[in-house]
Structures are given as structure tokens and as C-alpha cells.
Amino acid sequence: MIKIVTVVGARPQFVKAAALSDQFQRNFSNEIEEKLVHTGQHFDRRMSSLFFEELGLPEPSVTLPSFSGDHGFSTGNMLVETERALKSLNPDLVLVYGDTNSTLAGALAAVKLAIPVAHVEAGLRSDNRRMPEEVNRMLTDRISAINFAPSERAMKQLRLEGLGDSARHVGDIMFDAVKLFSNPRLHLKSRVETKSKLQVLVTIHRQENTDQEPRLKDIITAITTLGPDFELTLPLHPRLKRALDNFGLSDLVQGKINVVEPLSFLEMLRVLQNADLVITDSGGLQKEAFYLGVQCITLRGETEWPETIQLGWNRLWEPGQHELAELARGVVGKRGLAGFPYGDGESSRRIAQEICNLDWKIYF
Ligand code: UD1
């Protein structure tokens with residue numbers, strides 16, 4: 001039996017971990033025993049415990065106190081507390097996901113205790129080191145024993161950085177999650193429903209968009225002037241809420257955007273399946289839109305998922321470029337190309353199999 005501790009802390013990680021936990025429980029219960037450590041990074045009910053209940057994730061064995069604050073402060077405190085948790089749980093392997101501060105804290109705590117790390121969603125790069133996520137993913141890839149890559153491009157990147165021996169091409173775990181939790185019947189139904197207005201799902205939470213007032217103001221202004229034929233829904237991330245309050249920008253949104261609380265994953269999929277367009281700075285949502293055949297505009301200068309752009313399902317937009325309204329009108333109703341750059345939605349089975357096949361003791 002391989003004893004795994006999965007370290008999660010931020011919302012997208014709960015979704016990814018749910019897909020893999022489901023695989024462990026259904027098909028690998030004789031080989032793999034999994035426990036969870038929750039770093040406490042996301043702590044509001046609608047950002048955290050709701051996901052555990054809804055997606056059937058095991059209760060965390062350890063939940064750390066929350067250390068919101070500057071990146072060094074919160075990552076450092078998560079490192080200290082995760083180390084303590086790992087010492088008591090004593091796993092054979094630590095599993096981390098993605099690129100958040102929880103990912104880096106979990107990976108670093110493990111390697112310092114000579115516990116091998118497996119990194120799911122490895123090899124992605126934005127080539128923008130001002131993003132905290134870029135630094136987190138580069139460092140986590142470097143110290144992980146096994147890097148599970150979602151795409152051929154991610155594999156190439158890992159080879160380029162001399163990490164080819166650690167790399168395994170398994171596909172994107174988010175594809176598994178969308179297959180597992182979306183409702184195909186709902187999707188078909190919503191497509192034939194006639195809606196009076198074009199439905200747009202908007203999410204904004206990236207620090208580079210929320211934390212500079214002029215940029216955030218320009219983004220919100222562009223979105224709110226899309227036109228009367230668009231109906232906008234914005235699930236409000238705590239970082240955006242704080243920024244709108246601090247900069248006195250809440251009035252810009254009032255009456256123009258339907259602002260709702262952060263959505264659970266199932267709620268998000270339902271809204272997405274009913275949407276004509278997504279406008280977002282989230283990495284995960286770009287791909288969820290792609291998997292469900294919904295057009296996307298990404299509010300950034302670069303993306304870790306360029307295949308969605310190449311296939312015509314996604315494009316980048318930043319303030320100062322051409323009009324957002326024009327871009328939006330040009331893409332709704334269009335279909336991109338069919339393609340499977342991120343595998344077939346069976347990555348959780350490959351990851352579990354790989355974990356069982358490897359001799360983890362050779363890493364330390
Ligand atoms: C983090 C990840 C980002 C990921 C995102 C998903 C990093 C560097 N960033 O960004 O990659 O896309 O999660 O949501 O790890 N807050 C609350 N309640 C909560 C959670 C957060 O009030 O439940 C507040 C925090 O106290 C903080 C702010 O929201 O003031 C931002 O949260 P934080 O976890 O630092 O980063 P995110 O912006 O959520």
C-alpha cells in the first residue's frame with residue numbers, strides 16, 4: 001500500500017484532487033491510501049468546504065490555520081505548518097497540484113523531509129515571472145520526483161529545462177473533472193433554448209488585474225459597455241471584492257453586471273454550459289470553456305493554454321487593445337476547431353497507474 005498525502009489549499013485544487021481521489025477510491029483502493037492536508041489558503045465556505053461536500057472529497061486529516069497576507073508570509077507559514085503535518089502523517093509520497101502558494105509550500109515541505117513529490121499539471125509556463133504562479137510552478141517542477149504534464153507542449157518545456165526524466169504525459173486532470181461533474185443532458189438542452197440575451201460569464205481574480213486601479217477600472221469599463229444584447233454574470237472572488245471596495249469601483253458594476261457569490265464547481269459548470277461567452281483571467285476556466293465548446297476571451301497578455309487559442313476557442317485581450325465589445329461580438333456563435341491537445345479525460349487513471357508502478361524509494 002502506498003501512503004499518499006495530497007496537499008491542497010486553493011479552490012482549483014479541490015476540483016482536481018476530487019477527480020483523482022475518485023479514481024483512487026474506485027479503482028486503486030487496494031494499492032493507494034490517500035490523506036489530505038488543507039493548507040487553509042482558501043477558507044470561506046463558498047471557496048472551500050462547499051467543494052469538499054459537493055465533490056465528495058475526503059475530509060482533510062489536517063486543516064492548517066489560514067495565513068492570509070503577503071506571499072512570503074503566507075507561503076512561509078504554510079511551509080512551517082505543512083512540514084509539521086507531514087511529519088505526523090509520514091507518507092511515502094506527496095501529491096501537489098498546479099501553481100498556487102499551497103503547491104510550492106507543500107512540495108518544499110515534502111522534499112525537505114526527503115519525501116518524494118508528484119506534481120500534477122506540471123510543465124506549464126507563461127514566461128511572465130511577475131506572476132506569483134509562474135515562480136511557484138517553475139520551482140515545484142524542479143523539486144518534484146515526477147511531473148505529470150497535461151500536454152505535449154508541457155512535456156517539451158520540461159525536457160527543455162532538463163526535467164525530461166521526471167516528466168510523464170498524462171493529459172489534463174481538469175478534463176477528467178469536467179467529464180465527471182458536468183451534465184451532458186443539460187448542455188444539449190441549454191444549447192437549443194432560446195435566450196433573449198447573450199449570456200456572458202465573467203470572472204476576474206488575478207493579482208495583475210485586480211491590484212492596479214487603472215487597469216481594473218479599464219477592464220470593468222470595457223466589460224460593462226459590451227452592449228445591451230449581453231447579460232453579464234460575475235461570481236465575485238474575494239480578491240476582486242476587496243479591490244473594488246478599496247478603489248471605490250463598486251459603482252461601476254452596480255446595475256450593469258449581475259454580481260453573485262463565488263460559485264461551487266457544479267454551479268459554475270451549469271452557468272458555463274448555459275453561456276455564450278466567457279470573459280476571464282482564470283487558467284482553469286479557459287479550459288473548462290474549451291471542453292464545453294464555449295467561446296472565451298482571456299483578460300491577460302499571455303496564457304499557459306495556447307492550444308485553446310490555436311484551435312479558435314480563446315483569444316487574449318488587455319486594456320489598450322481594440323474594443324472588447326467588437327471582439328466579443330465577433331466571436332459569439334463561432335465554433336473553433338475540434339482537437340484534443342489535453343488528452344482524453346482519462347488522466348487520473350494514468351496518474352494512479354504511474355504512482356503504483358514507480359519505486360518511490362529510489363528518489364531519496
Ligand atoms: C489563488 C492562487 C491563484 C488561483 C486562485 C484561485 C496563488 C499565488 N494564487 O489566488 O493561482 O488561481 O487562488 O482562486 O496561490 N480570501 C478570502 N477568502 C477565501 C480565500 C481568499 O477572503 O476563502 C482573500 C484572502 O484573504 C486574500 C485574497 O482573498 O486577501 C486573495 O486570496 P489568495 O489565496 O491570496 O489568492 P487568490 O487571489 O485566491
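Values below: all heavy atoms of this structure, side chains included; hydrogens, waters and symmetry mates excluded. Not measured: the values here are computed from a predicted model. One-based numbering, in listed order, for ligands and for the atoms of each.
- Listed by first and then second residue, the side chain to side chain donor-acceptor pair (under 3.5 Å) pairs involving residues 248-261 are D245-S250 (not counting sequence neighbours).
- Between H42 and H237, the angle of the ring planes goes over 60°, which puts this pair in the perpendicular group of the 30/60° scheme.
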Tabulated below should be the N or O atoms of ligand 1 paired with protein N or O atoms at under 3.5 Å; can you produce that?
residue	atom	partner	partner atom	Å
ligand 1	9 (N)	E133	OE2	3.3
ligand 1	11 (O)	E133	OE2	2.7
ligand 1	12 (O)	H205	NE2	2.8
ligand 1	13 (O)	H42	NE2	3.3
ligand 1	14 (O)	H237	NE2	3.1
ligand 1	15 (O)	Q41	NE2	2.9
ligand 1	15 (O)	N101	N	2.8
ligand 1	18 (N)	D44	OD2	3.1
ligand 1	23 (O)	F43	N	2.9
ligand 1	23 (O)	D44	N	2.8
ligand 1	26 (O)	S68	OG	2.7
ligand 1	30 (O)	R242	NH1	2.6
ligand 1	34 (O)	Q41	NE2	3.1
ligand 1	34 (O)	H42	NE2	3.4
ligand 1	38 (O)	R239	NE	2.7
ligand 1	38 (O)	R239	NH2	3.4
ligand 1	39 (O)	H42	NE2	2.7
ligand 1	39 (O)	H237	NE2	3.0

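- Taking the six-membered ring where the residue is Trp, W313 and F290 present perpendicular rings, their angle passing 60° and hence far from 30°.
- Taking the six-membered ring for Trp and the full ring otherwise, the centers of W305 and Y342 sit less than 6.0 Å from each other.
- Put simply, CG on N77 and CD on Q41 are 12.5 Å apart, with the number rounded to the nearest 0.5 Å.
- I355 CD1 to R168 CZ: the interatomic distance, rounded to the nearest 0.5 Å, is 11.5 Å.
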